[in-house]
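One structure below.
Just so you know, residue 1 is the first one in the sequence shown, and it goes up from there. Atoms considered below: every heavy atom in the structure, side chains included; atoms not considered: hydrogens, waters and symmetry mates.
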Amino acid sequence: MNERTYDVVIVGSGAGGGTVAQELAPLARQGQRILVVEQGPRLRSFEFTGRETDMSSALYRDGGAFVTADRSISLAFAQLYGGSTVVCTGTSLLATERTVSDWHVPGLAWSDLEWRSRKYLEQNSAHLIPPEDINDNNRLFADGARAAGFSVEQFPVNVSGCRGSSLCNLGCPNGAKQGTHVVQLPAAERAGVEVVTRAEAVRVEERAVVVRVRQALPGEKGAPGEWEPGEYRVRARIIVLAGGAAGTTALLLRSPISRRIPHIGTGFTCHPSLIMVAEHDAPITNDVGHPKSFYVDHADAGGYVLESCMYPPFVVARSLTGFGADHSRMMHAFPRLQMILAFACDRTTANNRIAVDDAGEPVVHYKLTPEVTQSLAAATRAAARIFFAAGARRAHVPAADPPLLERADAARLDTRIDASHVVPGTTSISSAHLMGGCAMGPPHQAVTDAWGRVHGIPWLRVADASLFPDAARINPYVTVMVLADRVGEAVRTDVGVLGAITAR
């Protein structure tokens, strides 16, 4: 096995890993050896084609078809240089003060996260889309929500030079989205941080990570890997795990060191989501412009959040309940479809967790609680009201039976839409926000402290959404970055304290 030695190794290059890499750039300038290990490839700008079937397999784990253990819910997360920051819509909100307070993590204050968030909002060019650039799909959401009596807020989004391709979830073909692949990682590399792609972290050993580097397959997207194919034992004074909730948790669970870390895998949460569409009488601009500008936050009042959204045809098709003529009619109306994403704000439960199979691959055990099911039904009723208030002719909502509602049904949504119609395995439910598995908190109930240090193992850190002790009540992107910023700060302090690596 090849042997290499670094001062710090970071596993993962997304919102967590990319942020830590940039925060450690000063150490690299001082001569410290910093390495980022990324399982996926580094895609070149011309490889972002915007074609749905082409990009899904190149960007997402299992082509976007990773599912829970009972195969009832799809969980989308990316595996490439930049991680899920390449495919998220860039909505940039920090978890609320109430959320952070409810986490009850000693040493974690919302005020500390809030000032750090301002740094990344500025760094990532987060701003509100100006009114003249709001497309019909987003405008109809805002107008319909206000007409239906909801308070509407606008997302800051991290784009610079957006040309309105509406392909955020397939990777921006114009390089406008300011993810870690555009901002933090290139800055870190300019400072001397090394990044190796196509490199899977297989297991964590004592102050070392075993990495398997593979070569590109014929016809596969992405630049060649930076290291020769093979297995490497990479020793380091500090190891930071930032492979996402599923990736980091699975890595620890398949490592011998897991015997020293209780509570790994527990506390998994997500945002169970429904994609809903409504047909208007005339074509609307839904695939031109930024796809996500507005949201309705009913997390506290109803346990759900509604967001304007736009998804490409295959995702929309698989999100519609049923088959046959009604399904076909909605898909043929694609140029006239308004879209809304509704997600429920989950809470941790004893049985929802991340495990690994015999091959060490992540397995997510997750079932909807009655409370989440009720929230999804309430969200569906709210979305339907917005659709019809915005002038839709008909709406397809999964929590109705049958799911197709006509304009004449607008007055009886409370009877047409019910939680009993939300049936996992029949209703198409998904989530792109995976959280928990290596939670922050006190040693008797959590994996790390408030700075991402694994309890009892001072050289091991976590810096991604697996840190969340419970679900965030909004898109988690910025919250991951500010937690990772804290981890980076702690590493800069501790790297000089931890001694040199002992050769074996």
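For the residue pair Tyr120 and Thr19, the shortest heavy atom distance occurs at OH-CG2, 3.2 Å. Between Ser308 and Ser293, the shortest heavy-atom contact is OG-N, 3.2 Å. Taking both residues in full, the closest heavy atoms of Cys270 and Asp346 are given as O-CB, 3.2 Å, listed atom of the first, atom of the second, then distance. Counting all heavy atoms, side chain and backbone alike, Ala379 lies closest to Ala342 at CB-CB, 3.7 Å. Across all their heavy atoms, Ser74 and Val67 have their closest contact at CA-CG1, 4.0 Å. In terms of heavy-atom proximity, Leu170 sits nearest to Ser56 at CD2-OG, 4.1 Å.
Of the possible donor and acceptor atoms, none in the side chain of Asn137 sits under 3.5 Å from a partner among the backbone N and O of Asn286. Not one N or O on the side chain of Asp143 forms a donor-acceptor pair closer than 3.5 Å with the backbone of Ala390. Judged by distance alone, the side chain of Glu38 and the main-chain N or O of Ser13 form a donor-acceptor pair under 3.5 Å. Put simply, the side chain of His327 never gets that close to the backbone of Thr321: no donor and acceptor are under 3.5 Å apart. Remark: the backbone N or O of Gly360 is paired with a side-chain donor or acceptor of Arg254 at under 3.5 angstrom. For the pair Asn135 (side chain) and Val288 (backbone), a donor-acceptor distance under 3.5 Å is present. Panel note: side chain Asp464, backbone Gly16; no donor-acceptor pair is recorded below 3.5 Å.
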Just list the side-chain donor-acceptor pairs under 3.5 Å for residues 476-483, sequence neighbours left out, or say none.
from   : atom 1 : to     : atom 2 : distance (Å)
Tyr477 : OH     : Asn124 : ND2    : 3.3
Tyr477 : OH     : Asn158 : ND2    : 3.0
Thr479 : OG1    : Ala95  : N      : 3.0

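Remark: Ser375 pairs with no residue by the side-chain hydrogen bond (donor to acceptor under 3.5 Å, both in side chains) rule, at least two apart or across chains. Judged as a side chain to side chain contact (heavy atoms under 4.5 Å, CB included), and not counting sequence neighbours, Pro131 has no contacts. Scored by the side chain to side chain contact (heavy atoms under 4.5 Å, CB included) test, His181 finds Tyr81, Thr85, Val86 as partners (sequence neighbours excluded). In this structure, the salt bridge (charged side-chain N to carboxylate O under 4.0 Å, His left out) partners of Asp300, at least two apart in sequence or on a different chain, are Arg98, Arg473. Residues passing the salt bridge (charged side-chain N to carboxylate O under 4.0 Å, His left out) test with Arg190: none are found, sequence neighbours excluded. Listed by chain and residue number, Arg51, Lys221 satisfy the salt bridge (charged side-chain N to carboxylate O under 4.0 Å, His left out) test with Asp54 (two or more places apart in sequence, or in another chain). Every residue was checked against the side chain to side chain contact (heavy atoms under 4.5 Å, CB included) condition with Pro335, not counting sequence neighbours, and none meets it. Evaluation of the side chain to side chain contact (heavy atoms under 4.5 Å, CB included) rule for Asp470 yields Trp103, Thr269, Arg347, Thr348 as partners, not counting sequence neighbours. Under the side-chain hydrogen bond (donor to acceptor under 3.5 Å, both in side chains) criterion, Thr249 pairs with no residue at all, not counting sequence neighbours.
Atom CD of Gln22 is separated from atom CG of Leu24 by 10.0 Å, given to the nearest 0.5 angstrom. Remark: Thr380 OG1 to Leu274 CG distance equals 5.0 Å, nearest 0.5 Å. One finds the CG atom of Leu337 at 9.0 Å from the CZ atom of Phe387 (value rounded to the nearest 0.5 Å). In this structure, CD on Gln79 lies 13.0 Å from OG1 on Thr197, to the nearest 0.5 angstrom. In this structure, the separation between OG1 on Thr89 and NZ on Lys177 is 7.0 Å, given to the nearest 0.5 Å.
For the side-chain hydrogen bond (donor to acceptor under 3.5 Å, both in side chains) with Glu279, the lone residue among Arg329, Arg394, His332 that qualifies is Arg394.
Within the 4.5 Å cutoff, the side chain of Leu306 has heavy atoms near those of the Ile386 side chain. Under the 4.5 Å side-chain criterion, counting only non-hydrogen atoms from C-beta, His290 is not in contact with Ser166.
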Audit row: Glu122, Arg118, salt bridge (charged side-chain N to carboxylate O under 4.0 Å, His left out) steps and yes/no:
CA-CA 6 Å; Glu122 180 179 359; Arg118 292 197 297 271; over 6 Å; no

Worked verdict on Tyr60 versus Phe77 for ring-ring contact (aromatic ring centres under 6.0 Å, His included)
CA-CA 6 Å; Tyr60 290 94; Phe77 54 97; 8.8 Å; no

Show the numbers, then the answer: is there a side-chain contact (heavy atoms from CB on, under 4.5 Å) between Thr448 and Arg461?
CA-CA 8 Å; Thr448 84; Arg461 316 296 164 96; over 6 Å; no

Determine, stepwise, if the pair Tyr295 / Asn475 fulfils side-chain hydrogen bond (donor to acceptor under 3.5 Å, both in side chains).
CA-CA 11 Å; Tyr295 67 104; Asn475 309 46; over 6 Å; no

Step by step, would you call Leu108 with Val100 a side-chain contact (heavy atoms from CB on, under 4.5 Å)?
CA-CA 8 Å; Leu108 183 70; Val100 176; 4.1 Å; yes

Take Tyr232 and Arg212, measure what side-chain contact (heavy atoms from CB on, under 4.5 Å) needs, and give me the verdict at the end.
CA-CA 6 Å; Tyr232 297 76; Arg212 182 181 299 124; over 6 Å; no

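Side-chain N/O atoms of Gln123 and Gln178 include no donor and acceptor closer than 3.5 Å.
Stacking of Arg4 on the aromatic ring of Trp227 is recorded, both the 6.0 Å distance cut-off and the 45° axial limit being met.
Crowding of Arg163 atom CZ: a count of heavy atoms from other residues, nucleotides or ligands under 6.0 Å not exceeding 12.
The pair Glu226-Arg42 meets the salt-bridge criterion, since a charged nitrogen lies less than 4.0 angstrom from a carboxylate oxygen. A salt bridge does not link Arg486 to Glu489: none of the charged nitrogens lies less than 4.0 Å from a carboxylate oxygen.
Evaluation of the salt bridge (Lys or Arg N to Asp or Glu O under 4.0 Å) test over residues 280-292, restricted to residues two or more places apart or in two chains, returns Asp281-Arg393, Asp281-Arg407, Lys292-Glu307. Note on residues 14-28: pairs passing salt bridge (Lys or Arg N to Asp or Glu O under 4.0 Å), not counting sequence neighbours, are Glu23-Lys119, Glu23-Arg492.
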